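This report refers to the structure that appears directly beneath it.
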Amino acid sequence: MIVIVGPGSTLGVSTERREPYRTLFCFVVTCSPNVCAVQKLIGTNRKYFTNCKQWYQRKICGKSTVISYECCPGYEKVPGEKGCPAALPLSNIYETLGVVGSATTQLYSDRSNLRPEIEGPGSFTIFAPSNEAWASLPAETLDSLVSNVNIELLNALRYHMVNKRVLTDDLKHGTTLNSMYQDLPIQIHHYPNGIVTVNCARLLKADHHATNGVVHVIDKVISTTTNSIQQVIETEESLETLRAAVAASDLNSLLESEGQYTLLAPTNEAFEKIPRETLNRILGDPEALRDLLNHHILKSAMCAEAIIAGLTMETLEGTTLDVGCSGEELTLNGKAIIANKDVLATNGVVHFVNELLIPDSAKTLFELAQESEVSKSTDFFRQAGLSSHLTGSEQVTLLAPVNDVFKDGLPVVDSNMKNLLLNHIVRDQLSSKYLYHGQKLQTLGDKELRVFVYRNNLCIENACIAAHDKRGRFGTLFIMDKMLTPPSGSVMDVLKADHRFSTLVAAIQSAGLTENLNRPGTFTVFAPTNEAFRAMPQGELNKLMGNAKELANILKFHVADEILVSGAVGALVRLKSMQGDKLEVSMKNNVIHINKEPVAESDIMATNGVIYAVNSVLQPQASRPQERGDEPADPALEIFKQASALSKVKYKKISHSPVYTRLLARMKENSGGF
C-alpha cells in the first residue's frame, strides 16, 4: 500500500515535486528513511498513499497529481537529519486519533463516553473518519448524532470499531468484519489497484499502531446496512419502474440472495427516455427484459472510490461495461450518467443511473445496425421495403455492408436491387464463430451462399466479415466489407455471358475444357480478356488455337482448384494451378496482382468458383526457357514471351462499374432474375 523511501537520499519530508507524465516501474525508492510517497490530486484535498499500481500514470480520474513525501506512520523528522529517522512511542487509540488527522473522531469519542474504552486495555481496530469526513455530513445528520451523545453517537462510533487488531493485509476483498455495535457487519473490499474500502469509504491512512490496537483513517462516516439490493429497490420511489421490471423477470430472489453485486439501477427517468415502442417491446418480452436487467448487474461489488481510471467489468448477462471516472463523476461507457452512487446493501452496492443501458441481446437488427458503422445499409433496406425483416421476431442474419461502400450514395432501388438485398439476409440466426469452410447458407432471396474460411479472413462469397458479430434478440448482424454478389451460374456460364471473355470461351472449347469448368468444383480462374489475346501476334494466336494440347496446358495454368476471393489475399498467396506450376497472388496498393500482373476485376462469383479478369496471358515457368539454364530455348515458347510483353505495352486500364452493378446488368440481359 505504501511506497517506502529508504536510506541514502537528499529528499526531505513534505518536499513537493511535480513529476513529468511518464510510466514508472514499481520500485522501492532508495531515499530517506521512513518517508512515504503521497499522491495529491491537484485542485482538491484528496490524497492517495500511493502504491505502484496507482502511481504509474500520474493521473486519477483524468486529473493530474503531484507526488509529495511525508513521514510514514509512527515516525517523525529530526532537525538536521534526512528523512524521518525517529520512531514515535506508541500511544493508546484515543491519543493516536489526534496524531493521524482524526481529531474530530477523538472529540466525539470523548463526548460519547467511548474514551475510557479506547484508552484502556484491549485489542481494537477503529476505522476513524477524517476531520473532513465529519465536516461533510449533512447538518441535520450531524445534529441528530451529537444531540443525543450517549446513545446515537456512541452507537455510530462503535460501528466503526472491531474487537480485534486488523491490519491492511488482513483486509481481504469481499470479506466482512463484525463491528462492536450489535455485531453488525462491515464490508471490506480490497481492489486490484490497491485501494481498500470499508462500507465504500476509502482507506486514507492505514496501519497506525497503538498500544491497544490499530487506527485506519477513512474518508467517510459509515453507517449500518441492513437492506439487501432488492429492499433498496422496493423502498426507493425513483426506482418504481425498475421494481416492476425486476418482479416481471423473477430477479427478486437473486437481488435478495447473499453475494457481492453492483446494481446500476435505472431510474424512472432513465426508462422514460426510451421510445415507448422500444420500451413496450422489451417489457413485453421476458427474455429481452431479463437480458436488459442482467446487463445492469455487475458480478462484483464496485465502490465509486475504487475507480481511479477506466476498467472493463463483466455483467451477469455475460457482456462487459467500461466503467471509469472523469473528475468527481463516474462514467459508464464513457458517459457521466450515474446520478447517485454508493448506496450500500448487505449483498453489494447500488449506483443510480439516469440512462437505460440496452444490451445488444435485447435489440432488433434495425437497432443494432442504426448504432453501428452500417447505418446506411439500414436506410437501403428500408427504401427497398424490407424493414419488417429487421424489426420483427424472424430469426435471420443480416449481411450488412459498411457505410464506406455507399460513400457515393445509395444505388437506385428496383426489383433486381431488392432481390439482391434479400440475398443479404440469411435464414436463421448465426454466429460467425460457428461458421466453417464450405458451409452453405440459404438467403431470403432463395440463393445459396458459400462460406470461405481463410487464415486472415472469414468470407461469405466475395464479401468478408469486417468486425465482430452483433447478436440481437432475434437476429445477428454481420458487418461486411462490401456488397455480396451471389453466384449466377457456373464458371463457363459467367464467361459466356460476359463479352470480354469471348476469345477465352472459344479457347476453352477448342482445348476441350468446357466440361471441366461446368462441373461442380472450387475453381479460381484468372481469365484473360479479349484484350489479352489481342496483344499476341495473330499468327501465334492462330497457332496456339490450333494446338489443343498446348492450348489446354496454357489455359490450365490460369486455373487453380481452390476458391480464393480477394479478401483472403495478403502480402502473398501461392496457389497450385491445374497445369502444376504455382501461381502467386498478391496485393499491392489495394490492387490484386497475379504473377505480378494487375487484375482488372476481382471476385466475379460463379457457382463452382471465382473469376478474376486479367489483361495479359499468363505463362507457366516452363514457357520461360531463358530462365532454365539446363534447357535450350524453344522458339515457340519464345513467341509466347513476346506476346506477353506486347500485352504489357498495349495494356490500357479499363474502368469497370462495381461488381454488383455488373451482376444486375447481366441479370437484366438474361431476364432470369435471382
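Just so you know, these numbers use all the heavy atoms, side chains as well, and skip hydrogens, waters and symmetry mates. Computed from a prediction, not measured in an experiment: that's the story for all the values here.
More than 12 heavy atoms of other residues, nucleotides or ligands sit less than 6.0 Å from atom NZ of Lys273. More than 12 heavy-atom neighbours from other residues, nucleotides or ligands sit within 6.0 angstrom of NE2 on His437. The local environment of NZ in Lys556 is sparse, with at most 12 non-hydrogen atoms from other residues, nucleotides or ligands closer than 6.0 Å.
Judged purely by atom type and a 3.5 angstrom limit, His351 uses its side chain to pair as donor or acceptor with the backbone of Met302. Not one N or O on the side chain of Arg574 forms a donor-acceptor pair closer than 3.5 Å with the backbone of Lys582. Not a single donor-acceptor pair under 3.5 Å links the side chain of Ser326 to the backbone N or O of Glu329. Between the side chain of Arg281 and the backbone N or O of Lys363, no donor-acceptor pair lies under 3.5 Å. Proximity of a side-chain donor or acceptor of Asn608 to a complementary backbone N or O of Thr522 within less than 3.5 Å is not detected. Under the 3.5 Å distance criterion, the side-chain polar atoms of Tyr436 are left unmatched by any main-chain donor or acceptor of Val451. Using a distance-only test at 3.5 Å, with no hydrogens or angles considered, no donor-acceptor pair links the side chain of Asp469 to the main chain of Arg471.
Thr319 and Glu317 are linked by a side-chain donor-acceptor pair at a separation below 3.5 angstrom, with hydrogens and angles left out of the test. Side-chain contact annotation: Gln383 with Asp379, donor-acceptor N/O pair under 3.5 Å absent.
Among Asp603, Thr485, Asp481, the one residue that satisfies the side chain to side chain donor-acceptor pair (under 3.5 Å) test with Asn462 is Thr485.
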